[in-house]
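Comments concern the structure below.
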2 protein chains.
Amino acid sequence: MKLVDIYRHLRPDIVKLEREIEAQVQADHPVLRAASTHLLKAGGKRIRPVFVLLSAQYGTYDLEEIKKVAVPLELIHMASLVHDDVIDNAEVRRGKKTIKSQWDNRVAMYTGDYIFAKATEIAAFSSYPQVHPVLSYAMEEMCIGEIEQIRDQFRTEQTLKQYLKRIRRKTALLISVSCELGALVSGASPSVQYALKWYGYYVGMAFQITDDILDFVGSEKELGKPAGSDLIQGNITYPALYAMEKNPEFRKNINRYMHNPSEESLEVEEAIEIIRKSGAVNAAKSLADKYVAKAVRMLDIIPEEEQHASLKKIAVYIGSRKF
Amino acid sequence: MKLVDIYRHLRPDIVKLEREIEAQVQADHPVLRAASTHLLKAGGKRIRPVFVLLSAQYGTYDLEEIKKVAVPLELIHMASLVHDDVIDNAEVRRGKKTIKSQWDNRVAMYTGDYIFAKATEIAAFSSYPQVHPVLSYAMEEMCIGEIEQIRDQFRTEQTLKQYLKRIRRKTALLISVSCELGALVSGASPSVQYALKWYGYYVGMAFQITDDILDFVGSEKELGKPAGSDLIQGNITYPALYAMEKNPEFRKNINRYMHNPSEESLEVEEAIEIIRKSGAVNAAKSLADKYVAKAVRMLDIIPEEEQHASLKKIAVYIGSRKF
């Protein structure tokens, strides 16, 4: 089962949303257009718009109102990816930045800013005044999440709790908001909005934990980047935390690398092997499964409807996806 | 005459706005709080809130409504300064970035994003639905202006027209919007809104041209950075364009530096001397004066009121300020 199979019936509307996103970033400026087009071509799962559409089915489905939240949500996500790239580039070429790469980074920063502004502009036209504060708040929390990730980077003394707090802001919140606003703009009842908001939050947690597992078990081809990239870049995720807990020798090695990443090298293959053997993958999977179960339980609050099937399937899929 | 003397009567309200700005960036996160506080301490002229307050006097002055545009406007300006710093740091330490400086840059980027989000959140609570799209549009244009500045950086083949287009987006637009929205949220008539919008635009142009003059005639102490910084960083402003036009030898030197700024050095003292002697300062001053005159003329559309005096004085001040 692939994700697209689950929401095949939404395909026509997803295409419409994609066209709208495309139209919005086709700015009246060549450099910006080039940067944005590059981003669009990169594609993505568009899971935030999908969650908006699925949640909107719990009320009066109105694509025009849906657009005014689904498009901003995807744009906010895209802008955050652009800003992540500013960072990633800087990392990869550590201390060896060319003027060319600097130019790219700066354009990337302002392209991200531009896309953020576009997102807020579209949301401002929603008929639901609650939409905008919710979106702004999500953006703020995302920024704090990113800053926490920077603070925690290369820091080996961190807890599972800190990790969970970070991914909550970084990922879960925007998916939660997608579900909540989808329900809101279709006039679903407050209890449905509440249930879907929490459904989205739990699915979002499972999504990020799975992502963090895949960084260690996926192939370079599946991931689009080398396995173990998170660790190399100093982002210590749950599987690494778990393995460090179980294996003091491994903790020592990771400590050494994290304290002096520019000098020390990391035996990535070996580290991945240790993490895999530590039972970390199963532990992380079981944590993700717990969140999936919580997500599914939130649906029980809502009077049985046929869209439950899709939301349940997606929750389960997200907890078990291979890439 | 100092700027503060012109709007002394607004001082109590400016203090209230400053407190509100402070409260808004005192985020519930230590790193973010540290970054924001640093920014607040840097101060600034707060000219955007001042223009909002002055313009609001043309209608029913309501500080609560004014706050919801003046605070976002200043926050947007602050966020853009934070993002400018990301760039400036990268420049100064060209190719020699330490992990520490990288940490700072990344935090700066997300701090800027956070402040942007805060700005949009506050604006979302305005009673005037037009506020938000106007602000978002201004943010978008600012981003395009920044990207244009990057594109035009180190580019000696550029025209006065390109320079003006750039500063329009980079500076004039946000001041124009400050005036326009100040009038709007105080219920001033559409013709007053129109006049103040254009007043702000012209004042903004004069403001940036004066800023660009000061970069060549100010002392390091007045500017807070070495004179000629714009030129060193490859930002070619009107005085430099003018001098290059008048002095082919100078153009050749600048060309050489701009084409290979990491290898070539720039005799900054000498370049400043040449620019000063070329008549560029007077030419730029006269251009700024033209914009000041246009700004003042816009006020004629508005039935004579006592606040004209302040707006006229500010326009004249901005065209002739020494730092």
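Letters go in sequence order (proteins before strands), and every chain restarts at 1.
- Partners of E157(B) under the side-chain hydrogen bond (donor to acceptor under 3.5 Å, both in side chains) rule, at least two apart in sequence or in another chain, do not exist in this structure.
- Counting heavy atoms of neighbouring residues, nucleotides and ligands inside a 6.0 Å radius, atom NZ of K197(A) does not exceed 12 of them.
- Taken to the nearest 0.5 Å, the CD1 atom of I115(A) stands 10.5 Å off from the CD atom of E140(B).
- Relative ring orientation between H83(B) and Y110(A) is described as perpendicular, the plane-to-plane angle rising above 60° on a 0-90° scale split at 30° and 60°.
- Among A117(A), A124(A), S80(A), the residue with the largest count of heavy-atom pairs under 4.5 Å with chain B is A117(A).
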Step-by-step side-chain contact (heavy atoms from CB on, under 4.5 Å) determination, M139(B) to D113(A):
CA-CA 8 Å; M139(B) 275 170 64; D113(A) 288 357; over 6 Å; no

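- Atom CD of E267(B) has 12 or fewer neighbouring heavy atoms from other residues, nucleotides or ligands inside a 6.0 Å radius.
- By the side chain to side chain contact (heavy atoms under 4.5 Å, CB included) test, S127(B) pairs with E65(B), sequence neighbours left out.
- Nearest heavy-atom pair, I147(B) versus V107(A), reported as atom, atom and distance to 0.1 Å: CD1-O, 4.3 Å.
- Of the listed residues (G112(B), P129(B), A119(B), P133(B)), the one with the most heavy-atom contacts under 4.5 Å to chain A is P133(B).
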Begin from the C-alpha positions of H132(B) and H132(A) and carry the test side-chain contact (heavy atoms from CB on, under 4.5 Å) through to its verdict.
CA-CA 10 Å; H132(B) 216 296; H132(A) 216 297; 3.1 Å; yes

